[in-house]
Participant: 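Let me begin by handing over the structure; questions about it come next.
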There are 2 protein chains.
Amino acid sequence: MSDHEQRHTPTPPGHSGDALPPVEQHAQQYEAVRNAHETELIEDYVELIGDLIRHRGEARAADIANRMAVSQATVSKMIRRLNELGLVTSKPYRSLFLTEEGQKMAQTSRARHDVVLHFLRALGVDDSTARIDAEGMEHHVSDETLTIMQRFTEQQRTP
Amino acid sequence: MSDHEQRHTPTPPGHSGDALPPVEQHAQQYEAVRNAHETELIEDYVELIGDLIRHRGEARAADIANRMAVSQATVSKMIRRLNELGLVTSKPYRSLFLTEEGQKMAQTSRARHDVVLHFLRALGVDDSTARIDAEGMEHHVSDETLTIMQRFTEQQRTP
DNA sequence: GATAATTGTTAGCCAAGGCTAAACTGTTTG
DNA sequence: CAAACAGTTTAGCCTTGGCTAACAATTATC
């Protein structure tokens, strides 16, 4: 653990832009992003499976592959993982179901996604752009920010 | 390419929540996220190196490792990659420099980051939360949304 | 009901991005 | 100036999440 940096001025004076955050805080930012990345894909799969079930009555691997633009082999492998994690149940060659826990995750993830999407639209972002941005952003928005976004959206709706 | 889904109602009627987007659009969302992920880390490194140079006069591997909360070995490996990509120049055991291209990327990335961070603060998000969220969000915000965020922030500043 | 088409699985490959341990270089200091 | 220390690199390992190709099962069609 080098504190080499700390020998110098902690908050340099006349630079353009913001100062660097303290090391611990800075590190925490990057760690948060890495953590988000670990769960992100899992959540996306679970969310999509939930959506497919809701809207189509069932979730099949081929549909997931199409919608994710990914090979069926990739989906198959991922489903095995979701199984091990206790998020879905599946019998070979049959369509998928979410466990209790999976349903909870799908629901949370869905809600999160919707808040971000509606927020972006309320901000004035074009629908198809909002969809793309929301998909990427949803896993990186804290609960605090999410609440604020929701409040903002509601205010826009009833001016 | 299965169109199995399309046999059914394309926009189902009375469900709660939004309908599923058409397959092509949906796929595009996920592809965008995967693409962002590929460049994300690279941009983070380059941005951080730029920041270290600006604020401290030099960027050393140990500082990067500390700030990213990652081992030095990981940094070392990454620097080799950045080198191959023509983004940084480095002599063994010496501190790092950004190439022209690297500087351009650092600058763009920095600007993006700042817009998102200032936007979140203008929205009313607490500073340390805003920093964490901004770090994750910055790579998933389209230019369109970025512009809107910037406009919003300026409006808040001068009410 | 046999065969064709679709869907699902398995095996084996690859790159990215982490890690630890060990070797090496450069700098500081007794 | 030699030894100790701090910083850097290399080697080798692991997991994820992609892919293709080959095979297996289910479903559709004649």
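Bear in mind the structure is a predicted one, so any value in this text is a computation, not a measurement.
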Participant: Parallel, tilted or perpendicular, judged at 30° and 60°: which one describes the rings of B:His140 and A:His140?
Facilitator: parallel
Participant: Counting side-chain heavy atoms from CB outward, which of C:dG8, C:dC24, C:dG17 is closest to B:Leu41?
Facilitator: C:dG17
Participant: Could you state the interatomic distance from CD1 (A:Ile64) to CE (A:Met78), rounded to the nearest 0.5 Å?
Facilitator: 10.5 Å
Participant: Figure out the OH/P separation between A:Tyr93 and D:dA25, and round it to whole Å.
Facilitator: 6 Å
Participant: What's the CD-P distance between B:Glu38 and C:dC14, to the nearest Å?
Facilitator: 18 Å
Participant: Starting at atom CZ of B:Arg80, determine the distance to atom C1' of D:dT10, rounded to an integer number of angstrom.
Facilitator: 8 Å
Participant: Identify which nucleotide among D:dG18, D:dT16, C:dT7 has an atom closest to any side-chain atom of A:Arg81, counting heavy atoms from C-beta outward.
Facilitator: D:dT16
Participant: Name the closest nucleotide to the B:Lys77 side chain, picking from C:dT25, C:dT9, C:dC19.
Facilitator: C:dC19
Participant: Whether B:Arg60 contacts D:dT8 is assessed here as follows: a side-chain N or O lying under 4.0 Å from the phosphate OP1 or OP2. Is that the case?
Facilitator: yes
Participant: Would you name the heavy atoms of B:Gly86 and B:Glu101 that are closest together and state the gap between them?
Facilitator: O-OE1, 3.8 Å
Participant: Need to verify one output field. Residue with the more 5' nearest nucleotide on DNA chain D, A:His37 or B:Ile79?
Facilitator: B:Ile79
Participant: Less than 3.5 Å between a donor and an acceptor, one on the side chain of B:Gln72 and one on the base of D:dG7, is that the case here?
Facilitator: no
Participant: Picking from C:dG26, D:dT8, C:dT9, which would you name as closest to the side chain of B:Arg94?
Facilitator: C:dG26
Participant: Can you see which heavy atom on A:Val46 is nearest to which on A:Gly102, and at what distance?
Facilitator: CG1-O, 3.3 Å
Participant: Roughly, in whole Å, what's the span from CG in B:Asn35 to P in D:dG18?
Facilitator: 11 Å
Participant: Quick one: is C:dC19 close enough that its OP1 or OP2 comes under 4.0 Å of any side-chain N or O from B:Thr74?
Facilitator: yes
Participant: Starting at atom OH of B:Tyr30, determine the distance to atom C1' of D:dG17, rounded to an integer number of angstrom.
Facilitator: 16 Å
Participant: B:Leu82 CG to D:dT8 C1': how many Å, rounded?
Facilitator: 16 Å
Participant: I'd like to know if A:Arg112 and A:Asp143 make a salt bridge, using a cut-off of under 4.0 Å between side-chain N and carboxylate O.
Facilitator: yes
Participant: Whole Å only: how far is the CD atom of A:Glu40 from the C1' atom of D:dT15?
Facilitator: 17 Å
Participant: Send over the distance from B:Lys91 NZ to D:dG7 C1', rounded to a whole Å.
Facilitator: 18 Å
Participant: Kindly point out which of C:dG18, D:dT8, C:dT10 is positioned nearest to the side chain of A:Arg34?
Facilitator: C:dG18
Participant: With the side chain of B:Ala73 defined as its heavy atoms from C-beta on, choose the nearest nucleotide among C:dC13, D:dA25, D:dT10.
Facilitator: D:dT10
Participant: Would you say a side-chain N or O of A:Ser71 is under 4.0 Å from OP1 or OP2 of D:dC19?
Facilitator: yes
Participant: Which part of the nucleic acid does A:Val70 contact within heavy-atom distance under 4.0 Å: base, sugar-phosphate only, or nothing?
Facilitator: sugar-phosphate
Participant: Nearest to the side chain of A:Met78, which nucleotide is it out of D:dG18, C:dG26, D:dG17?
Facilitator: D:dG17
Participant: In a check of side chain to side chain donor-acceptor pair (under 3.5 Å) between B:His139 and each of B:Glu38, B:Glu43, B:Glu40, which one passes?
Facilitator: B:Glu43
